[in-house]
Amino acid sequence: MAIKILGPLNEVINKTTSEIIDSQISGKTANILNTFINAGFEAVDDIIRKVQDLTKQGQSP
């Protein structure tokens, strides 16, 4: 039913989706987001380590 409604746009939609699949946009986007999230957590880990070092008992500032 949707194909009948979209009739003239069918070819455009097909070419667009083919390009998206061929260029692997979703996989590349996932990799970018994964890298961004990992970098954020690494930064948080670094900050936590600094706070841990600064708050060690037995050390004077």
Side-chain angles (χ1 to χ4, degrees):
M1 183 171 156
I3 294 175
K4 289 181 182 178
I5 294 171
L6 299 174
L9 296 176
N10 224 11
E11 186 177 347
V12 173
I13 293 169
N14 183 272
K15 285 182 180 180
T16 303
T17 54
S18 294
E19 284 296 318
I20 290 171
I21 291 169
D22 292 343
S23 63
Q24 300 173 344
I25 289 176
S26 57
K28 290 177 182 177
T29 303
N31 287 339
I32 291 169
L33 291 173
N34 189 23
T35 301
F36 179 75
I37 291 169
N38 283 338
F41 279 106
E42 287 174 8
V44 169
D45 282 345
D46 289 344
I47 291 170
I48 291 172
R49 284 189 187 101
K50 281 289 188 192
V51 169
Q52 180 186 30
D53 289 344
L54 291 172
T55 58
K56 275 186 184 174
Q57 288 186 356
Q59 288 186 340
S60 57

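What you are looking at is a predicted structure, and each value in this text was computed from that prediction instead of being measured.
Put simply, CG on D22 and OG1 on T17 are 9.0 Å apart, with the number rounded to the nearest 0.5 Å. Note that NZ of K50 is 14.0 Å distant from CD1 of I48, once rounded to the nearest 0.5 Å.
Residues T16 and V12 come closest through the heavy atom pair OG1-O, 2.8 Å.
A salt bridge is absent between E19 and K15; no separation between the charged side-chain nitrogens and carboxylate oxygens falls under 4.0 Å.
When the options I25, I32, N31 are evaluated for a side-chain contact (heavy atoms from CB on, under 4.5 Å) with T29, the one that passes is I25.
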Stepwise salt bridge (Lys or Arg N to Asp or Glu O under 4.0 Å) test for R49 and D46: CA-CA 5 Å; R49 284 189 187 101; D46 289 344; 3.7 Å; yes
